[in-house]
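Chain A is the first sequence line, chain B the second, and so forth, proteins listed ahead of strands; every chain is numbered from 1.
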Amino acid sequence: MTISQLDKTYDPKAVEDRWSREWIDRGYFRADAKTHPGQPYCIVIPPPNVTGSLHVGHALNHSLQDILIRWRRMQGRNTLWLPGTDHAGIATQNVVEKQLMAEGLSRESLGREQFVERVWQWKATSGNTIVNQQKQLGESCDWDRLRFTMDDGLSKAVIEVFVRLYEDGLIYRGERLINWCPRCLTALSDIEVEHEEVKGKLYHLRYPLADDPNTGLIVATTRPETMLGDTAVAVHPDDPRYRHLIGKKVRLPLTTREIPIVGDSILVDLEFGTGAVKITPAHDFNDYEAGERHGLPRLAVLDHAALLDAAGMQQAAVESSVVEMLRGLPVPKARPKVEALLREQGLLEKTEDHKMAIGKCYRCKTVVEPYLSPQWFVKVQPLADPAIKAVEEGRIRIIPEGWVNNYLGWMRDIKDWCISRQIWWGHQIPAWYCLTCNSRQIVTVDGRTTILQGAVPIISKLTPAGCPTCHGQHLLRDPDVLDTWFSSALWPFTTLGWPEQTPELKTYYPTSTLVTGLDILFFWVARMIMMGLKFMGDVPFKDVYIHALVRDAEGQKMSKSKGNVIDPLHVMDQFGTDALRFTLASMASPGRDIKLAEERIEGYRNFANKIWNAARFCLMYLDGPKFSKPPAELGLPNRWVLSRLNHTIKVVTVELEAYRFDRASNALYQFIWHEYCDWYLELIKPAIQDPTHPFGPETRSTLIETFETTMRLLHPFMPFITEEIWQTIPHQGESIVIQSFPMPNMAWNAPEAEAVYTLLEQTVSLVRTGRTLLNYPPGQQITYWVAHEDQVEQRHLELTHRHLGHLSRGTAEVKPTKEWPVQKLLRLVNEGLSVGIVVSGDVDLKKAIERLGKQLAETDKELQRVDGKLKNAEFVSKAPPDVITEHQERVRTLSRDRALLAHSQQQLRTMLGS
RNA sequence: GGGCGGAUAGCUCAGUUGGGAGAGCGCUGCCCUUACAAGGCAGAGGUCACAGGUUCAAUCCCUGUUCCGCCUACCA
């Protein structure tokens, strides 16, 4: 084995592709539901959109899952990480429609069947992008089980669930006011609408009283154009200004209608605006409900594209000149016209600036319109109740706990879920209508067929042969598809084979952990819990770990339009996949967003290189006799490093169990760089570089044992470099992927070795400081004296003697201070430890004097503080005894230090003077 | 409007049974010392947001304030 096997610098590119392929080829990630003896550990991946490519949010989400899975696999658990993608109805349809547009085609021109075929083609060619990128990240998924939400099996399950929910009365169809994207031309669920605060205007409109046109009721609105569809005005029943008007009518401007004034204490806030509210049930959610309460008609004046609709306006008795002026206009153009018309008639009392929230489509950012249309809904309350209980009772843990209230609050106030989408890509709703029986409920206007809410559906898993009522053969299938989240809500059990009772389902359900971002807690997590409980009778997972959002270095949300996106693939190419993974893990502190800057990743690239060079070092000196001994019989460096390694193993394990990826990775970083490389490797150099050194055999043996163990400990975080190195150093087995994760070993604990080491480190550090103060070059051999005021520590110091000379490049004399020379000595002090460096030659002592002065001042300050506390009678009488003892101890040490420092400084002054 | 989180070194962040303020990066100085210059060593740098309170003792617990995020909501 020679050093030439490893290059001087770690080159991630040279190893990553090779290993990610090799691991998959060798089948290490394949789960075995039937014969694996280990306790199951299963994660289902939050399926990325099939349109997607790996962004840094995925990289975080997937890195954390991979850490958990690799860790559990190494622990011997029966692991399954189940990958897949989501058909992302609206997003995917948008992508393909854009393509068609570029070809001068449209989905309408292709027709539904051909269009869907086209999307499948698209999926076949482009849908694997993200999967390949995931493999690049090293994700140890069982790729043979890759699922897609539109697979046959999953589609069958979706239909099964729909039918069963319908039969249980938990799915219904009805005309409601829903969120509608006028660009995507589909309904959206409440949570698919993003709210954004904008500066708008509050318009004060005067509606003349029908029986007293000179008197007007002034209403306030942010959307004046909708006034054409007003069907009432509401005032508060307790409002002395207006309550006498309740029951009277106003003349609705720009129309020939008169509308009633109603009293409504829910809709009207006495304090706000004018205290009078116009009611437009067809275009506003509150007004819709108010309309229900008062039995008001609903007049829609906007069409499905959010354009002013001539037919609707005519029905609303809008003056024909107004209809002509507005027909076909989008809202932003219609509004100023309505405003001008009202102003002309003196009915626009005033406008004022007003902050308000508008809803936008989460897929295309178009302003969403409340739109009256027949849709399918899930009645959620009965499903939510058990889902609330599951979290309350701790059958599902949400980590960090802070999000529990968020979840419970949303679930307790949950509203019915609109699940129908007016698009073509997705699971088509298994509902058919008999054209004969529903002839009056199915109407076609301008080529758009609408199935009105009274239509009677036939719900069936298979295409029905005919109408069960009239036996007619002319059936129309409901054209709507289901919300994509409807199928992803079933993900944890449909991917395992449900509704079939497969061995996988039996072994891996409930899954162990769900790792996800907060943004889909409601979209996805909550719904999985509801559906899991409903159809499996058990929770879908035991732990939900919610991680942070990744932002840019300034804390801005990353977005393509801002151009601040960090592309993980670029980063992986530049710094290595392990560096990116480790960065994300180390920054994954709970409850805080990750501000990612490339310098961080670079820092961990350096860390990888450090490990690489440590491996080169090992390989250089491994040749030679090896002999392993019981830990207690080893020399100091070996005993110490085993003890520290043992500690690190414990920390990493405990922190991973608590999902503290940040702490686990920081513990690894600290140990590997600042204990193993900085100190251990330096300490053992004499023993392994001298072939005849008595400690050589045990040291080589410990070196390889600790290094190999450290690679296994690090492997879940940095899979590639650890595999590459592990293969090069002596090892047993064919891959680190399937080795065991290190376990704490009581025999490795060596508190005394740690204490001795601490003293050694302090001493060396003091000597180096002295060397700097005296401007001795690093190579110059120096002579110095070491002592400790404490007798136990003094004995410990004697044990460090063997290592002092080597680490400090000098000759150390460990002797009580009274035996030290009195002349020509720079004496440095730290907590009872004294180091005296022989001053030789022509050196500038000013720096040293300054430094002593500074330390003296600091010591004084601290001494006063601690001593002050001890002089406080209340402290002495009330503080616990051990705290008091500790303070007294400190005062003693500080006073001693102080005296020594002063003496040392005096001595230097004398030298300077002479 | 409601809820939650944050405010600690120049930057990004750790820091729970309250008792001597930490890391990484950056910065300064010295070193190409045969594992590593993607490195080594030594250093500078902080009234722990502000104001009160509890306590012998507060970065930590309580109250209020300011600022910044996020979630949520029907103030037209």
Trainee: Roughly how many Å apart are rU12(B) and rC74(B), using the P atom of each and rounding to a whole number?
Mentor: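 So the two P atoms sit 35 Å from each other.
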Trainee: Output yes when at least one side-chain N/O atom of R605(A) is less than 4.0 Å from OP1 or OP2 of rA38(B), else no.
Mentor: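 No, because none of the side-chain N or O atoms of R605(A) sits under 4.0 Å from OP1 or OP2 of rA38(B).
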Trainee: Please answer whether the main-chain N or O of G832(A) pairs with a side-chain N or O of D897(A) as donor and acceptor at a distance below 3.5 Å.
Mentor: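 It does hold such a pair.
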Trainee: Please tell me which of the listed nucleotides, rC36(B), rG39(B), rG24(B), lies nearest to the side chain of W673(A)?
Mentor: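 Given the options rC36(B), rG39(B), rG24(B), the side chain of W673(A) is closest to rG39(B).
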Trainee: Side chain of T769(A), heavy atoms from C-beta onward: which of rU12(B), rG43(B), rA35(B) has the nearest atom to it?
Mentor: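 Comparing rU12(B), rG43(B), rA35(B) against the side chain of T769(A), the answer is rG43(B).
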Trainee: Closer than 4.0 Å, any side-chain N/O of Y621(A) to the OP1 or OP2 of rA35(B)?
Mentor: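 Yes, because at least one side-chain N or O of Y621(A) sits under 4.0 Å from OP1 or OP2 of rA35(B).
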Trainee: Report the distance from atom CZ of F617(A) to atom P of rU33(B), rounded to the nearest whole Å.
Mentor: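 After rounding, the reported distance stands at 16 Å.
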Trainee: Should K685(A) be listed as having a side-chain N or O under 4.0 Å from OP1 or OP2 of rU34(B)?
Mentor: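 For K685(A), the contact criterion (side-chain N or O under 4.0 Å from OP1 or OP2 of rU34(B)) is not met.
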Trainee: I need a per-nucleotide contact map over nucleotides 69-76 of chain B, read 5' to 3'. Cutoff is protein heavy atoms under 4.0 Å; write B for the base, S for backbone only, - otherwise.
Mentor: -SSS-BBB
Trainee: Measure CH2/W679(A) against C1'/rG40(B) and give the value in whole Å, please.
Mentor: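 After rounding, the reported distance stands at 12 Å.
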Trainee: Has the side chain of D578(A) got a donor or acceptor atom that lies under 3.5 Å from a matching backbone atom of I721(A)?
Mentor: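 Such a contact is found between D578(A) side chain and I721(A) backbone.
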Trainee: Which nucleotide sits closest to the side chain of K595(A): rU12(B), rA35(B), rA38(B)?
Mentor: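 Closest nucleotide to the K595(A) side chain: rU12(B).
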Trainee: Closest approach of R223(A) and P370(A), non-hydrogen atoms and distance?
Mentor: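 That would be NH1-CD, 4.1 Å.
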Trainee: What protein N or O atoms touch nucleotides 60-63 of chain B N or O atoms at under 3.5 angstrom, if any, and at what distances?
Mentor:
none

Trainee: Heavy atoms only, 4.0 Å cut-off, all strands: where does S589(A) land among base, sugar-phosphate and nothing?
Mentor: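 Sugar-phosphate, backbone atoms only, no base.
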Trainee: In whole angstrom, give the distance that lies between atom CG of N872(A) and atom C1' of rU55(B).
Mentor: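 The answer, rounded to whole Å, is 12 Å.
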Trainee: Taking the six-membered ring for Trp, are Y604(A) and F607(A) parallel (under 30°), tilted (30 to 60°) or perpendicular (over 60°)?
Mentor: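 Answer is perpendicular, since the angle exceeds 60°.
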Trainee: Using the closest heavy atom to pick a nucleotide of RNA chain B for each, name whichever of P590(A) or K847(A) lands nearer the 5' end.
Mentor: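 With P590(A) and K847(A) compared, the 5'-side residue is P590(A).
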Trainee: Could you tell me how far rU65(B) sits from rC4(B) if I compare only their P atoms? Round to whole Å.
Mentor: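 Going atom to atom, P in each nucleotide, I get 14 Å.
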Trainee: With distance as the sole test, does D264(A) use its side chain to make a donor-acceptor pair with the main-chain N or O of I266(A) at under 3.5 Å?
Mentor: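 The answer is yes, because a donor-acceptor pair under 3.5 Å joins these two groups.
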Trainee: What's the gap between rU8(B) and rG46(B) when it is taken at their P atoms, as a whole Å value?
Mentor: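 Result for the P pair: 15 Å, nearest Å.
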Trainee: Pick base, sugar-phosphate or nothing for S586(A), based on heavy-atom distances below 4.0 Å to the nucleic acid.
Mentor: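 Answer is nothing: S586(A) stays at 4.0 Å or more from every strand.
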Trainee: Counting only side-chain nitrogens and oxygens, does N606(A) get under 4.0 Å of the OP1 or OP2 atom of rC36(B)?
Mentor: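 For rC36(B), OP1/OP2 do not have a side-chain N/O of N606(A) under 4.0 Å.
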Trainee: Has R768(A) got a side-chain N or O lying under 4.0 Å from the OP1 or OP2 atom of rU33(B)?
Mentor: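 For R768(A), the contact criterion (side-chain N or O under 4.0 Å from OP1 or OP2 of rU33(B)) is not met.
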Trainee: Can you identify which nucleotide, out of rG43(B), rC36(B), rU12(B), has its nearest atom closest to the R851(A) side chain?
Mentor: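 Between rG43(B), rC36(B), rU12(B), the one nearest the side chain of R851(A) would be rG43(B).
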Trainee: Give me the distance, rounded to whole Å, that separates rC48(B) from rA7(B) when you measure between the P atoms they each carry.
Mentor: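 Here rC48(B) and rA7(B) have their P atoms 14 Å from each other.
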Trainee: Would you kindly compare L681(A) and N609(A) by the position of their nearest RNA chain B nucleotide and give the one closer to the 5′ end?
Mentor: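 Going by which nucleotide is closer to the 5' end, it is L681(A).
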Trainee: Looking at rG24(B), rC36(B), rG15(B), which one has an atom nearest to any side-chain atom of R600(A)?
Mentor: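 Out of rG24(B), rC36(B), rG15(B), the nucleotide with an atom closest to R600(A)'s side chain is rG24(B).
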Trainee: Separation of K610(A) atom NZ from rC36(B) atom P, in whole Å?
Mentor: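 Those two atoms, NZ and P, are 10 Å apart.
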Trainee: Using a heavy-atom cut-off of under 4.0 Å over every strand shown, decide if R663(A) touches base, sugar-phosphate, or nothing.
Mentor: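 Result for R663(A) = sugar-phosphate.
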Trainee: Starting the side chain at C-beta, find the nucleotide from rC56(B), rA35(B), rU16(B) nearest to P880(A).
Mentor: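 Looking only at heavy atoms from C-beta outward on P880(A), the closest nucleotide is rC56(B).
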